[in-house]
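Note that the structure is predicted; figures quoted are calculated from it, not measured. Chain identifiers are assigned alphabetically (A, B, ...) following the order of the sequence lines, protein sequences preceding nucleic acid strands; residue numbering begins at 1 within each chain. All values below come from the heavy atoms of this structure, side chains included, with hydrogens, waters and symmetry mates left out.
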2 protein chains.
Amino acid sequence: MVSVMTEIDIHTQILEAAEARFQQYGYNKTTMAEISRDCDMSAANLYRYFENKLDIAAAISQQCLDEKELVLASVVHDASLSASEKLEGFVLEVLHYTYNHFDVSPKLSELVEAMSAHRPDMVAKHIGSKLKLLSELVEQGQKSGEFQLESVSETADGILTAIMLFYYPLTLKMFPLEVLEVKATNLCRLLLAGLTAR
Amino acid sequence: MVSVMTEIDIHTQILEAAEARFQQYGYNKTTMAEISRDCDMSAANLYRYFENKLDIAAAISQQCLDEKELVLASVVHDASLSASEKLEGFVLEVLHYTYNHFDVSPKLSELVEAMSAHRPDMVAKHIGSKLKLLSELVEQGQKSGEFQLESVSETADGILTAIMLFYYPLTLKMFPLEVLEVKATNLCRLLLAGLTAR
DNA sequence: ACGCTGAATATTCAATTAAATATTCAGCGT
DNA sequence: ACGCTGAATATTTAATTGAATATTCAGCGT
């Protein structure tokens with residue numbers, strides 16, 4: 001039992017050390033030796049807890065995505081918001097989350113690159129989660145009579161397609177945040193005009 | 001007069017030779033020597049007609065964008081289409097145009113990269129043109145009573161934001177064409193639901 | 001036996017240099 | 001003088017190799 005506890009601790013210890021390094025120096029520039037040193041162990045010992053460096057990055061990235069999904073879920077499940085407010089909150093949350101991530105610690109984009117290249121399933125799963133959340137949101141709006149639409153899944157897919165722009169760092173660097181916020185707001189108004197029952 | 005004619009011919013001769021090379025081997029791999037050889041002249045002589053290699057690429061890219069804008073304009077100005085049909089045509093045209101470009105001759109993406117990196121104004125101008133076309137489309141729909149909306153410019157901006165996805169080669173390679181077409185259709189339905197007067 | 005390490009090996013990265021290419025220019029033929 | 005070229009120069013790309021890093025593994029201490 002004690003050994004199990006210890007293993008879990010070491011896992012998280014490694015992840016925390018690695019995350020700090022990735023954040024400050026980026027995925028590519030941090031070495032297994034540095035991570036192991038931060039944990040007072042040999043580099044070889046890291047491999048008793050993770051298959052390889054990419055798996056460490058994947059675990060950290062997964063935490064990140066889980067956290068993001070949690071934030072978005074809290075918007076979708078916030079009982080104090082109307083469906084329209086939820087949609088706008090969802091879109092702005094996506095924009096701000098992505099924007100802050102690449103503004104505060106641009107080094108983390110290396111993690112995105114690595115996962116996109118070597119763990120495409122993870123990215124696909126995340127997209128699926130967001131699609132599910134949007135479906136919930138749309139269905140709630142429909143059930144409450146606030147929205148009026150033909151197909152929940154097609155509508156959710158359409159919304160996700162429309163907000164894809166806010167996931168691309170390239171685009172996000174083309175405009176200042178205020179402009180992006182205006183674009184997000186314009187887009188929401190457009191979408192809501194079609195969804196809202198009249 | 002004869003010399004002027006000749007100069008124009010040489011210009012187009014160079015552009016055609018370069019375009020063929022760029023299409024087959026890509027921008028990066030074609031050399032000024034090869035282009036000049038195709039035109040039966042020295043490499044030095046190319047510089048009497050274009051400042052540098054990038055300018056040749058820019059001229060070709062501009063032709064390409066002009067052509068694309070012409071196609072989109074023909075959709076917007078097609079009197080036989082309703083405003084809704086124009087919007088759907090516009091979106092599908094963008095999708096197909098981009099898709100075919102990178103499917104038929106993926107090497108041309110090197111031109112896009114080069115222009116994005118070194119001629120950002122060109123890209124911005126093209127976005128502006130599309131925004132103008134969408135504004136026309138929206139305004140026509142409003143004038144005819146088919147659409148009902150608050151602001152033409154904000155609506156056009158929202159639509160352009162929503163269809164940005166269809167400009168990114170990365171995204172286009174994530175899904176097969178049929179899936180993209182479904183996404184485009186879903187998106188159009190969503191947008192039109194909000195625009196169409198009821 | 002378990003959890004770890006140091007040293008060995010395999011892979012990746014980075015600095016160096018050689019080669020290819022872009023660009024310039026003095027001067028040739030008309 | 002005009003339109004062009006070959007050769008010279010500047011810049012970029014590609015190949016090489018040495019160093020750094022990831023990964024493996026035999027074996028040590030408990």
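A cation-pi arrangement is not found for B:Lys107 relative to B:Tyr27, the charged atom failing to lie both closer than 6.0 Å to the ring centre and inside a 45° cone about the ring normal.
Nucleic acid contact class of A:Asn52 (heavy atoms, under 4.0 Å, all strands): sugar-phosphate only.
The interatomic distance linking B:Tyr25 (OH) with C:dT21 (C1') rounds to 17 Å, in whole Å. Atom OH of B:Tyr49 and atom P of D:dC2 are 13 Å apart (whole Å). With rounding to whole Å, A:Tyr47 atom OH is found 4 Å from D:dT23 atom P. If you take CZ of B:Phe50 and C1' of D:dC4, they are 17 Å apart, rounded to a whole angstrom. Spacing between atom NZ of A:Lys53 and atom P of D:dT21 amounts to 9 Å, rounded to whole angstrom units. Straight-line distance from the CG atom of B:Asn28 to the P atom of C:dA20: 18 Å, rounded to whole Å. What separates CG of B:Leu54 from P of C:dT21 is a distance of 18 Å, to the nearest Å. Here the P atom of nucleotide D:dA22 and the CZ atom of A:Arg48 are 20 Å apart, to the nearest Å.
Put simply, the side chain of A:Lys86 reaches to within 4.5 Å of the side chain of A:Gln140, judged on heavy atoms. Between A:Met41 and A:Gln13 the shortest side-chain heavy-atom distance falls below 4.5 Å. For the pair A:Val179 and A:Pro176, the minimum side-chain heavy-atom distance is below 4.5 Å.
Side-chain atoms of B:Asn45 lie closest to D:dC4 of the nucleotides C:dC4, D:dC4, D:dT23. The side chain of B:Ala44 has C:dC25 as its nearest neighbour among D:dC25, C:dC25, D:dT23.
Checked for salt-bridge contact, B:Glu139 and B:Lys143 meet the test: a charged N lies under 4.0 Å from a carboxylate O.
Nucleotide D:dT11 forms a Watson-Crick or G-U wobble pair with C:dA20, both donor-acceptor distances falling under 3.5 Å. Shown here, C:dA26 forms a base pair with D:dT5; the pair counts as Watson-Crick or G-U wobble because both key distances fall under 3.5 Å. Shown here, C:dC13 forms a base pair with D:dG18; the pair counts as Watson-Crick or G-U wobble because both key distances fall under 3.5 Å.
Near DNA chain C, meaning a heavy atom under 4.0 Å away, the residues from residues 29-41 of chain A are A:Lys29, A:Met41.
At most 12 non-hydrogen atoms from other residues, nucleotides or ligands lie less than 6.0 angstrom from OH of A:Tyr25.
Using a 3.5 Å distance cut-off with no hydrogens or angles, the side chains of A:Tyr167 and A:Lys130 do pair a donor with an acceptor.
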